[in-house]
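Chain letters run A, B, ... following the sequence lines, proteins first and then strands; every chain starts at 1.
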Amino acid sequence: MSSENGVGEGGAEGAPPEQLALIRESVRKAREPRAKPRTWRGAALAERLPVARVLVDKGVLHLDRYFDYAVPADLDADAQPGVRVRVRFGAGRGRVREGRREGGGLIDGFLIERLPESDYSGPLAALAQVVSPERVLGPELLALARAVADRYAGSLADVLQLAVPPRNARAEQRPSPAPLPPPQRPQPGSWSRYEHGGAFLDALATGASPRAVWNALPGPGWSDELARAVAATLASGRGALVVVPDGRSAARMDAALTALLGEGRHALLTADAGPEKRYREWLAVRRGSVRAVVGTRAAMFAPVQDLGLVALWDDGDDSHSEPHAPQPHARDVLLLRAAQDGCGFLLGGWSCTVEAAQLVESGWARPLVAGREQVRRAAPLVRTVGDLDLARDEAARAARLPTLAWQVVRDALRQGPVLVQVPRRGYVPRTACARCRAAARCRHCSGPLEARDGGALACGWCGRAETDWSCPECGSVRLRAQVVGARRTAEEMGRAFPAVPVRTSGREHVLDTVPAAPALVVSTPGAEPVAEGGYAAALLLDGWAMLARPDLRAGEDALRRWIAAAALVRPQEAGGTVVALAEPTLRPVQALVRWDPVGHAVRELAERAELGFPPVSRMAAVSGPRDAVITFLDAVELPAEAEVLGPVPLPVTPAGSPRRTGAPPPGEHWDRALVRVPPGRGAALAAALKAAQAARMARGGSGGAAGGAEAVRVRIDPPDIG
DNA sequence: AGCACGCCGACT
DNA sequence: GTCGGCGTGCTC
């Protein structure tokens with residue numbers, strides 16, 4: 001103490017400033033030995049590899065790096081790479097109490113690796129605890145999580161929270177069953193309906209890693225076909241992973257796999273199993289007891305050993321998009337896995353997304369499709385009712401149901417159940433051409449035009465006003481915001497066919513299946529029950545509502561939902577008919593009539609490339625209070641080719657409305673800017689945004705999600721961008 | 001987010 | 001000469 005004072009004062013009086021700084025520096029140095037023993041002095045350290053590199057489980061970006069801890073001798077055996085640990089973290093420099101340095105509270109982390117020494121110059125704190133010796137985080141999963149974090153400008157800790165389920169001691173105690181030997185390779189089954197179906201299975205069975213975009217034929221065959229792809233992969237001695245959008249399709253896959261391979265060869269990872277069961281299944285996969293996995297979104301990270309195939313069903317379903325930070329999409333996570341592990345890849349659905357088309361277009365994946373003859377045999381007859389038909393249809397005005405629709409339903413009800421697809425509430429379109437219903441777009445950046453307060457028209461992306469709009473498709477200068485009362489129509493349908501039972505399936509009550517008996521089954525998109533023997537007919541009532549949405553995906557989404565309903569209808573040769581209330585001149589409607597979702601996706605892709613839309617270019621959204629967004633954009637060192645659109649005000653969330661991820665907190669005024677980069681620059685964009693985010697966190701900006709007024713949210717691949 | 005550090009003004 | 005304000009930066 002007195003020596004400190006002596007050094008500080010004796011030389012400081014009247015000394016020039018540089019010398020003062022020098023003296024302060026030496027004071028600091030003089031103190032170091034007391035506050036920082038160079039090696040940790042508590043219990044004895046592990047003899048070999050006494051340093052543990054730890055990922056501290058805090059999602060904050062500037063903490064997205066490893067910290068070194070000393071390994072006490074008594075934890076040496078358990079402290080292996082991949083285990084969960086607890087460490088003291090935070091609390092500034094820490095205090096010295098009873099000869100030990102103590103930091104702040106205990107927090108969780110993962111032990112990444114053991115090292116002979118640390119490159120950290122300070123003293124190391126000791127691992128406080130090895131939570132359990134179970135090595136949950138293997139090198140492959142770590143590398144995947146790292147890649148996902150980079151791809152989405154997020155933190156490794158956030159991704160690991162999605163990838164590794166919470167620990168459950170009881171599940172860990174139970175030993176997993178012994179692995180079964182590989183099964184026989186399966187027969188091709190209905191894969192023979194596809195042009196290269198048999199070859200695809202052969203490739204998997206012989207240990208190759210084919211990559212395909214599979215346009216599945218309508219009907220119930222898909223789950224058995226996917227199961228055969230899994231079986232072929234298992235037969236090669238490798239593991240397989242199938243991700244499906246919801247619990248119902250997971251249950252179908254579960255049944256198909258059990259039918260083909262029996263019990264015990266696959267794990268089912270879905271959200272509705274309890275935490276213990278879920279962790280037990282996950283552990284069985286991680287330990288190598290089970291080589292095949294079927295599951296919903298979270299299963300995309302399942303640590304399948306020696307992965308030979310990743311498969312995704314219906315990638316256009318938005319439940320494949322993870323709502324938690326950094327909001328990765330199952331398709332992209334599986335793409336990263338395929339790239340990392342060099343495994344097979346299968347992207348399948350009845351319809352086709354633009355992203356799927358891009359994988360084929362770029363040559364990365366091969367198309368796996370059926371010939372026209374097979375399509376004709378499997379698909380129902382599709383008929384449309386457009387404006388012209390309605391105008392000529394006197395009866396429709398009285399009954400509020402087009403004559404054609406009424407006739408088809410009446411006839412079909414003699415043969416079996418009829419599906420009626422009605423739009424979900426909340427599909428409120430913005431602006432579209434009043435004549436041809438093409439979405440109204442900004443002439444500068446092709447963003448969606450929105451009606452502002454007072455009726456002025458402005459771009460939802462770049463904010464530029466539009467005073468002189470005319471439709472580029474048909475030249476009309478009139479706009480409209482369309483509203484459809486299809487729900488009412490569906491109710492009235494029940495009255496139109498009073499002798500027939502009406503069943504409904506929607507958000508609250510989702511029916512899984514309906515019997516083959518005649519019935520009207522009214523359902524919102526995505527909740528359609530499967531009918532035993534197929535529906536005799538389907539009526540699609542949501543044409544305008546879906547197509548007039550300002551979303552980039554409006555056409556693709558509408559087509560996907562129509563096809564999802566129509567695929568449950570019997571083939572045309574068995575009398576199956578679909579009536580769509582939609583303008584037959586519109587592109588998605590034509591694609592439905594011709595049953596050509598792939599052609600539709602390919603044309604959409606070409607258009608997106610031309611307009612600079614994702615997925616051909618990559619976009620990121622930056623949202624938050626206007627000033628924060630502007631400051632942030634000022635600070636980011638964007639790649640040279642990046643283009644910033646906006647910021648523009650986001651709609652204010654009304655108080656009491658359901659909380660949506662990405663939406664501003666109720667009552668707050670937020671802005672959003674979009675940043676767009678050309679193909680190939682996505683990684684650079686993500687890196688730049690992440691760096692800027694980390695910098696602003698460190699600079700005393702308040703934390704991310706925790707209600708900080710200054711924080712901005714960064715989202716790569718924002719959905720609903722207009 | 002915490003929390004300790006350090007550099008400034010008011011006080012016994 | 002010492003106490004305590006808050007602004008700044010680190011957490012192995």
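- The distance between atom CG of A:Leu55 and atom C1' of C:dC12, rounded to the nearest whole Å, is 13 Å.
- Separating the CG atom of A:Asp119 from the P atom of C:dC12 is a distance of 15 Å, rounded to the nearest angstrom.
- Separating the CG atom of A:Asp64 from the P atom of B:dA1 is a distance of 19 Å, rounded to the nearest angstrom.
- The aromatic ring of A:Tyr120 sits over the base of C:dC12, with ring centres less than 5.5 Å apart and planes inclined by under 30°.
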In a table with atom names and distances, give each donor-acceptor pair under 3.5 Å that connects a side chain of residues 331-340 of chain A to protein atoms at least two apart or in another chain.
unit_1: A:Arg331; atom_1: NH1; unit_2: A:Asp315; atom_2: OD2; d: 2.7
unit_1: A:Asp332; atom_1: OD2; unit_2: A:Tyr152; atom_2: OH; d: 3.3
unit_1: A:Arg337; atom_1: NH1; unit_2: A:Met300; atom_2: O; d: 2.7
unit_1: A:Arg337; atom_1: NH1; unit_2: A:Ala302; atom_2: O; d: 2.9
unit_1: A:Arg337; atom_1: NH2; unit_2: A:Ala302; atom_2: O; d: 2.8
unit_1: A:Gln340; atom_1: OE1; unit_2: A:Leu144; atom_2: N; d: 3.3
unit_1: A:Gln340; atom_1: NE2; unit_2: A:Glu140; atom_2: O; d: 3.0

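- Rounding to whole angstrom units, CG of residue A:Asp68 and C1' of C:dT11 are separated by 13 Å.
- A:Ser176 and A:Arg287 share a side-chain donor-acceptor pair at under 3.5 Å.
- Between A:Ile107 atom CD1 and B:dA1 atom P the separation is 16 Å, expressed in whole Å.
- Atom CG of A:Leu106 is separated from atom P of C:dT11 by 19 Å (rounded to the nearest Å).
- Look at CG on A:Leu45: it is 16 Å from P on C:dC12, rounded to the nearest Å.
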Exercise answer: donor-acceptor pairs, residues 640-648 of chain A side-chain atoms, under 3.5 Å, sequence neighbours excluded:
unit_1: A:Glu641; atom_1: OE1; unit_2: A:Arg681; atom_2: NE; d: 3.3
unit_1: A:Glu641; atom_1: OE2; unit_2: A:Arg681; atom_2: NE; d: 3.1
unit_1: A:Glu643; atom_1: OE1; unit_2: A:Arg676; atom_2: NE; d: 3.1
unit_1: A:Glu643; atom_1: OE2; unit_2: A:Arg676; atom_2: NH2; d: 3.3

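- Per the geometry, CZ belonging to A:Phe67 stands 7 Å off C1' belonging to C:dC12, to the nearest Å.
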task: Quick one: do A:Asp64 and A:Lys690 satisfy salt bridge (Lys or Arg N to Asp or Glu O under 4.0 Å)? Show the steps, please.
output: CA-CA 10 Å; A:Asp64 196 8; A:Lys690 184 169 174 175; 2.8 Å; yes

